Amino acid sequence: MNSANNDIIQSIPFDVDKIRAQFPILNIQVNNKPLVYLDNGASTQKPNSVIETTNFYYSNQYSNIHRGVHKLSQIGTDLYEKTRLNFQHFINATTPSEIIFTKGTTHGINTIAYTYGRKYLQKGDEILISGMEHHSNIVPWQIVCEIYGAILKVVPIEQNGTISLEKFKTLLSPKTKLVAMTYISNSLGTINPIKEIIDLSHQNGSHILVDAAQAIHHLPIDVQELDCDFLVFSGHKMYGPTGTGILYGKEALLDALPPFEGGGDMIKEVRFDKTTFNDLPFKFEAGTPNIAGIIGLNAALDFIKEIGLPQIMAHDKQLLDYCHQQLGEIDGIRFFGTSQEKAGVVSFLINEIHPYDIGVILDNLGIAIRTGHHCTQPVMDFYNIPGTCRASFGIYNTMEEIDVLTNGLKRAVKMLS
Ligand code: C6P
């Protein structure tokens with residue numbers, strides 16, 4: 001984010017109390033203390049609109065979709081397809097066929113890894129990822145590389161938690177079939193220069209998948225402008241229901257891939273001698289999907305759109321700056337991930353205190369952070385640490401909550417030193 005943009009978004013009004021009032025869970029007490037929820041990188045809480053939309057669907061509109069001529073099936077189908085159109089416009093996909101509903105980011109990556117592998121990967125081909133990937137963007141590639149004899153290459157991370165484009169370029173080779181890269185690191189907060197990475201990948205003749213799990217609710221994403229080949233994210237990190245997600249793919253590429261799972265909506269005709277597959281997007285949506293979840297996800301997207309991404313980005317940046325400033329005053333604190341381009345994730349250790357011990361004390365104070373490797377063990381290995389404490393922000397977090405966190409940490413340090 002450049003400073004001119006920063007100035008503009010800093011001036012946009014943002015009524016956090018109004019937003020908080022829409023999240024019933026923010027009124028609960030945990031261990032007799034008001035909940036301070038700072039684990040949004042793992043999953044976000046749900047606003048009333050998402051809860052009510054899902055409840056209303058189950059209470060008044062429920063049936064299976066794409067199957068019946070009866071009224072309820074038609075209502076469900078319409079609502080489900082409305083979500084697809086909403087996301088098509090949100091990320092500016094060319095057609096609704098490019099929006100595939102999944103169970104989440106992990107499912108989206110696996111869908112591409114297995115089908116891309118079957119179609120394109122041969123012995124000696126290379127897949128290029130970065131050292132800051134979530135396990136979900138490492139393990140599926142390891143599995144398919146093993147199946148097809150391909151090689152997994154890794155762009156190392158730098159000390160400040162970024163990746164060097166120079167090193168990235170040297171690792172691209174004529175054998176690089178596909179690059180799979182996160183837009184925002186979940187354990188470091190780094191915002192990668194994804195447009196440059198996409199362009200360099202294409203100049204090299206490689207396809208690229210973008211893991212947007214931590215980006216979709218933080219940054220505006222226009223898939224046509226980015227020109228990425230595939231992009232995946234989860235619904236539960238963007239204030240939507242669990243078990244939902246989106247896989248975006250360019251239509252021609254998705255068309256060329258074989259289906260992933262078999263059964264249900266993904267078939268056109270089944271004969272014992274030959275089965276034909278449905279058109280996009282249904283080719284990749286086997287079995288009865290998470291209908292209520294996808295319908296609830298539409299409410300989550302409307303909620304985000306109503307607040308506006310510029311406001312969300314500005315709020316995130318304010319929380320991030322304030323958190324760095326406050327926590328920076330704690331003796332012996334070490335931050336991991338100090339990129340200039342950073343989202344609302346603060347990973348840290350204090351002296352030699354184990355992150356788990358800090359997490360337990362904070363939990364006693366009603367403060368939820370995540371401790372451990374955050375499903376990025378190679379990042380922890382790079383820094384030679386067992387894990388970190390991670391505070392990650394959502395649109396309902398406040399400066400006062402950062403103060404509560406800071407005081408909680410000071411207390412934890414006193415108790416554990
Ligand atoms: N990160 C975190 O605490 P799923 O579980 O499929 O919805 O998302 C997987 C995933 C993939 N990529 C990135 C960048 C992610 O952050 C995640 C989920 C959570 O950081 C849970 S481990």
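All figures in this text were calculated on a predicted structure; none of them were measured in a lab. Both counts, for ligands and for their atoms, begin at 1 and track the order of listing. Because only heavy atoms are used, hydrogens play no part in the values below, and waters and symmetry mates are left out as well, while side chains stay in.
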* Indicate yes or no: does an N/O atom of S234 lie under 3.5 Å from an N/O atom of ligand 1? => yes
* To do: If the plane angle is over 60° it's perpendicular, under 30° parallel, otherwise tilted; pick one for H373 and H135.
  => tilted
* Over 60° means perpendicular and under 30° means parallel, so classify the ring planes of Y120 and Y116, tilted if in between. => tilted
* To do: Measure from atom 8 (O) of ligand 1 to every heavy atom in N186, T105, N137 and give the option owning the shortest one.
  => T105
* Asked: With a 4.0 Å heavy-atom cut-off (strictly under), which part of S136 contacts ligand 1: side chain, backbone, both or neither?
  -> side chain
* Structure fact -> Checking Y248, F90, F101, F87 against F233 for ring pair (Phe, Tyr, Trp, His ring centres under 6.0 Å), the one that qualifies is F87
* Going by an N to O cut-off under 4.0 Å, is there a salt bridge joining D255 and K250? -> no
* Is K317 salt-bridged to D321, cutoff N-O under 4.0 Å? -> yes
To which protein heavy atom is [atom] closest, and what is the distance rounded to 0.1 Å?
{"atom": "atom 19 (C) of ligand 1", "value": "K237 NZ, 2.9 Å"}
{"atom": "atom 16 (O) of ligand 1", "value": "Q214 NE2, 2.7 Å"}
{"atom": "atom 5 (O) of ligand 1", "value": "T106 OG1, 3.8 Å"}
{"atom": "atom 21 (C) of ligand 1", "value": "R370 NH1, 3.5 Å"}
{"atom": "atom 15 (C) of ligand 1", "value": "H134 CD2, 3.4 Å"}

Ligand-side contact atoms (ligand 1) for residue partner [X], heavy atom cut-off under 4.0 Å:
{"X": "G41", "result": "2 (C), 3 (O), 19 (C), 20 (O)"}
{"X": "C375", "result": "22 (S)"}
{"X": "T182", "result": "14 (C)"}

* Please step through side-chain hydrogen bond (donor to acceptor under 3.5 Å, both in side chains) for the pair H374 and T376, ending with a clear verdict. => CA-CA 5 Å; H374 320 300; T376 56; over 6 Å; no
* In Å and rounded to the nearest 0.5 Å, what is the CD1 to CE distance from I197 to M181? -> 4.5 Å
* Neighbour count >12 (heavy atoms, 6.0 Å) for atom CG, N32 -> no
Answer yes or no for [X]: is there a heavy-atom contact with ligand 1 below 4.0 Å?
{"X": "R390", "value": "yes"}
{"X": "D211", "value": "yes"}
{"X": "H236", "value": "yes"}

* If we only count heavy atoms from C-beta on, is the L409 to I350 side-chain gap below 4.5 Å? -> yes
